[in-house]
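Scroll down for the structure; my scribbles are underneath it.
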Amino acid sequence: AGDQNLFTSVYPTLSQQLPIEPMEWRRSYGRAPKMIHLESNFVQFKEELLPKEGNKALLTFPFLHIYWTECCDTEVYKATVKDDLTKWQNILKAHSSVDWLIVVVENDAKKKNKTNILPRTSIVDKIRNDFCNKQSDRCVVLSDPLKDSSRTQESWNAFLTKLRTSLLMSFTKNLGKFEDDMRTLREKRTEPGWSFCDYFMVQEELAFVFEMLQQFEDALVQYDELDALFSQYVVNFGAGDGANWLTFFCEPVRSWNGLILRKPIDMEKRELIQRQEATLLDLRSYLFSRQCTLLLFLQRPWEVAQRALELLHSCVQELKLLEVSVPPGAPDCWVFLSCLEVLQRIEGCCDRVQIDSNVAHTVGLWSYATEKLKSLGYLCGLVSEEGPNSEDLNRIVDLLAGLGAERPETANTAQSPYKKLKEALSSVEAFEKHYLDLSHATIEMHTSVGRTRSARLVGKDLAEFYMRKKSPQKAEIYLQGALKNYLAEGWALPITHTRKQLAECQKHLGQTENYLQTSSLLASDHHLTEEERKYFCQEILSFASRQTDSTGQKIVLPLHCFAHLRDLHFTPSNAVVHVGGVLSVDITLCSQMPIPVRVEQIAINVHFSIEKNNYRKTAEWLTKHKMANGVITFPAETSPLPAAQNNLPALELYEMFERSPSDNSLNTTGIVCKNVHMLLRRQESGTALETPSGAALETPSGAALETPSGAALEGGAHALRCSDVTLEPGPNTITFRTQAKEPGTYTLRQLCA
């Protein structure tokens, strides 16, 4: 307010000098002080610009009012300036505005031209007496602001310090009041009529203010709180506790054009939120775009990638929780476009070296984009042999319509997400090119950061694609890789599923022996139905009955192709197969524990010898041990051996108490063994379980057993093992079986669980 021409003359220097020196900003609630640079927007004083009662806008709030004058004539002061100041002060009081300054500018040139003037101090004193009461510092003197002198510079420094201090004090006070009002509004969220969209606008205003102060971390916290609040309401809705305002976000989705991250503020989506017309995807897109902008200001691009992946996964689930009506394929389009948008946004602010060294942060987005493009291809008939039918073509048209027109900021970008998706859905050939490029790039990235399992999972999807395209020779290597991974980690159901795919692949490739070996494993896989197991058993028997394969070559079936057939409740009718050389040992263990006990491994040591008359010696041994019906019984021990027989000392057990030194209350009690060093000495034993190297096969129950890899040596002990066995209370039957290549005597030497 005041002399506008005077202000205009000093404004360039004022706007340039004000932000240069940082100020320490101390905030309430024990928050750490920060150094900030103040930049201000100066607006000409008008009464209509003053905030009305109930207006919570921070961005347009006048934090400090300044009256400018260079009056040095007492008559002029009495005639005009004093009345103008009085009117200005009355308006401020009427609007409860208490933050103001009066600036008196001293100009030597004007003083020389005046004869009837008071000294400068007299004008300042009059203003202080008339308007400042006991707050004399509200009136500031600025001496010759346009001159280049040390006196002028000192005057500027003093004025700028006062201006910064007054501005910051007013801002801090009003900001605190705004935050209190915002908390009060948030606490009313359980009341009927509370609107999340209205509250969103209030808290975002606070975020904007922090952003203007370059306090990006504080601004980000505001959006994170809004994110968490909305997410909690969605979870509550899924649990049956829905808020009325949430119904706005349950409206059907008609646009799925992905995240927009190349604008600082997406005003179009912000206005939709303000008018309470935003869909779930609109709100999530806008909220993440603001978080992304602030994270990039904070130079944390890799956190953008991490947060984006979490957002995309959770948003797909939120659509289901809120039961939002979405056309099939629309979420896939939204996720695909969003993944590529995030990746391109990160690439735009990082150099190639940074991107290559942070692949671990971005590969998840590449993988998710690949998965969604695959889903779109299957949905739209772009993977089938015949290509898309009329229904598929209509679906493609509808999906592309939901993308809308391409945004102006990406219109000139050759490889924009919009162009990539539109091209991928345009033809079978284009889809195959984009899908293969994405898949191979994703596998390469996973491999480069040591994520072999993830690489093989993408490879398995690629194998399914190749099988659909009748290219089993390309699919086999990916299926083998996935199966190897599942076997190493013991994933039973994925093992079964992948073996079925591998069997189909091997059959198409004419790999007879590999196919029969895989079929034999599937024939005894209890994760398959009885009908499926019968099918693979029938496959083996039909190959055995044909004698030759399609090329006329004699079929040589290894014994392990039949090793699992005896467990099937299935009688072959079209072929007679003589299976020999199978060593099978059934062991019944009686568990006296009252509850099931999980045993990591049960192993039996079998001693094998090749000598003359071994059949006669075996018969003598069986007669000697009174074997009946092929069953040998070993009586259980009724009591453990006395300690003396094991040459072990008796246990020395004592009670142990620990009490609190302050109030003597009992903290800990227990039992300690005083002679543990005697009891746990290494015991020399000549009967330790031997573990020869061997090749692992599978038992029908999924347990692993080992067989000798080379020729059996006389006097050697061989271990058969079952892994991960649960012993139920009472008798348990465990079957060990392997291929016996040589006739001989097999003697059970040791059982170890």
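Bear in mind that the values here come from a model prediction, so they are computed numbers and not experimental data.
Among residue pairs with one or both ends in residues 356-379, those qualifying as salt bridge (Lys or Arg N to Asp or Glu O under 4.0 Å) are Asp332-Lys372, Arg352-Asp356, Lys374-Asp461; sequence neighbours excluded. Applying the side-chain hydrogen bond (donor to acceptor under 3.5 Å, both in side chains) rule to pairs touching residues 314-324 yields Arg284-Glu318, sequence neighbours excluded. Within the structure, the ring-ring contact (aromatic ring centres under 6.0 Å, His included) test picks out no pair touching residues 436-462 (sequence neighbours left out). Screening residues 438-453 for salt bridge (Lys or Arg N to Asp or Glu O under 4.0 Å) gives Arg453-Glu489 as the qualifying pairs, with residues at least two apart or on separate chains.
Ion pair Asp525/Arg533 not flagged as a salt bridge, since none of the NZ, NE, NH1 or NH2 atoms sits closer than 4.0 Å to an Asp/Glu carboxylate oxygen. A salt bridge between Arg395 and Asp398 is absent, with no side-chain N of the basic residue lying under 4.0 Å from a carboxylate O of the acidic one.
In this structure His508 satisfies the ring-ring contact (aromatic ring centres under 6.0 Å, His included) test with no other residue, sequence neighbours excluded. Every residue was checked against the side chain to side chain donor-acceptor pair (under 3.5 Å) condition with Ser289, not counting sequence neighbours, and none meets it. Contacts of Phe336 classified as ring-ring contact (aromatic ring centres under 6.0 Å, His included), with partners at least two apart in sequence or in another chain: none. Among residues two or more places apart in sequence or in another chain, the ring-ring contact (aromatic ring centres under 6.0 Å, His included) test is passed with Phe288 by none. Contacts of Arg307 classified as salt bridge (Lys or Arg N to Asp or Glu O under 4.0 Å), with partners at least two apart in sequence or in another chain: Asp224, Glu303. By the ring-ring contact (aromatic ring centres under 6.0 Å, His included) test, Tyr223 pairs with no residue at all, sequence neighbours left out. Residues satisfying the side chain to side chain contact (heavy atoms under 4.5 Å, CB included) test with Ser255, not counting sequence neighbours, are Asn257.
Within the 4.5 Å cutoff, no side-chain heavy atoms of Leu462 are placed close to those of Thr370. Contact of the Leu311 side chain with the Asp227 side chain is not registered, since no non-hydrogen atoms from C-beta on lie closer than 4.5 Å. Looking at heavy atoms from C-beta onward, Cys333 lies out of side-chain contact with Leu400 at the 4.5 angstrom threshold. Annotation: side chain of Leu393 is not in contact with side chain of Val397 (no heavy-atom distance under 4.5 Å). Counting heavy atoms from C-beta outward, Ile355 and Glu347 have side chains that approach closer than 4.5 Å. With a 4.5 Å cut-off on side-chain heavy atoms, Leu296 and Cys292 count as touching. Counting only heavy atoms from C-beta outward, the side chains of Ile602 and Leu727 approach each other to under 4.5 Å. Ile495 is listed as a side-chain neighbour of Arg499, based on a closest heavy-atom distance under 4.5 Å.
Residues Met445 and Val363 approach most closely at CB-CG2, 3.6 Å, considering heavy atoms. Minimum interatomic distance between Val324 and Pro252 (heavy atoms only, all atoms of both residues): CG1-CA, 4.4 Å. Nearest heavy atoms, Ala455 versus Thr447: CB-OG1, 3.7 Å. Contact record, Ala503 with Phe536: CB-CE2, 4.2 Å, taken as the closest heavy-atom pair.
Separating the CG atom in Leu403 from the CG atom in Leu425 is a distance of 8.0 Å, to the nearest 0.5 Å. With rounding to the nearest 0.5 Å, the separation of CG in Leu259 from CD in Glu341 is 7.0 Å. For the atom pair Gln506 CD and Ser519 OG, the distance stands at 8.0 Å (nearest 0.5 Å). The SG atom of Cys339 lies 7.0 Å from the CG atom of Leu309; values are rounded to the nearest 0.5 Å.
Using a 3.5 Å distance cut-off with no hydrogens or angles, the side chains of Asp282 and Thr279 do pair a donor with an acceptor.
Looking at Pro327, Pro331, Ser338 one by one, the single match for side chain to side chain contact (heavy atoms under 4.5 Å, CB included) with Trp256 turns out to be Pro327.
Heavy-atom neighbours of Gln299 CD from other residues, nucleotides or ligands within 6.0 Å: at or below the threshold of 12. Annotation: Asp351, atom CG; neighbour count of heavy atoms from other residues, nucleotides and ligands within 6.0 Å is above 12. Annotation: Trp302, atom CH2; neighbour count of heavy atoms from other residues, nucleotides and ligands within 6.0 Å is above 12.
Here the side chain of Thr529 pairs a donor or acceptor atom with the backbone of Glu532 at under 3.5 angstrom.
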Under 3.5 Å, which donor-acceptor pairs link side chains of residues 463-487 to any protein atom two or more places apart or in another chain?
{"residue": "Glu464", "atom": "OE2", "partner": "Gln501", "partner atom": "NE2", "Å": "3.1"}
{"residue": "Glu476", "atom": "OE1", "partner": "Gln511", "partner atom": "NE2", "Å": "3.3"}
{"residue": "Glu476", "atom": "OE2", "partner": "Gln511", "partner atom": "NE2", "Å": "3.4"}

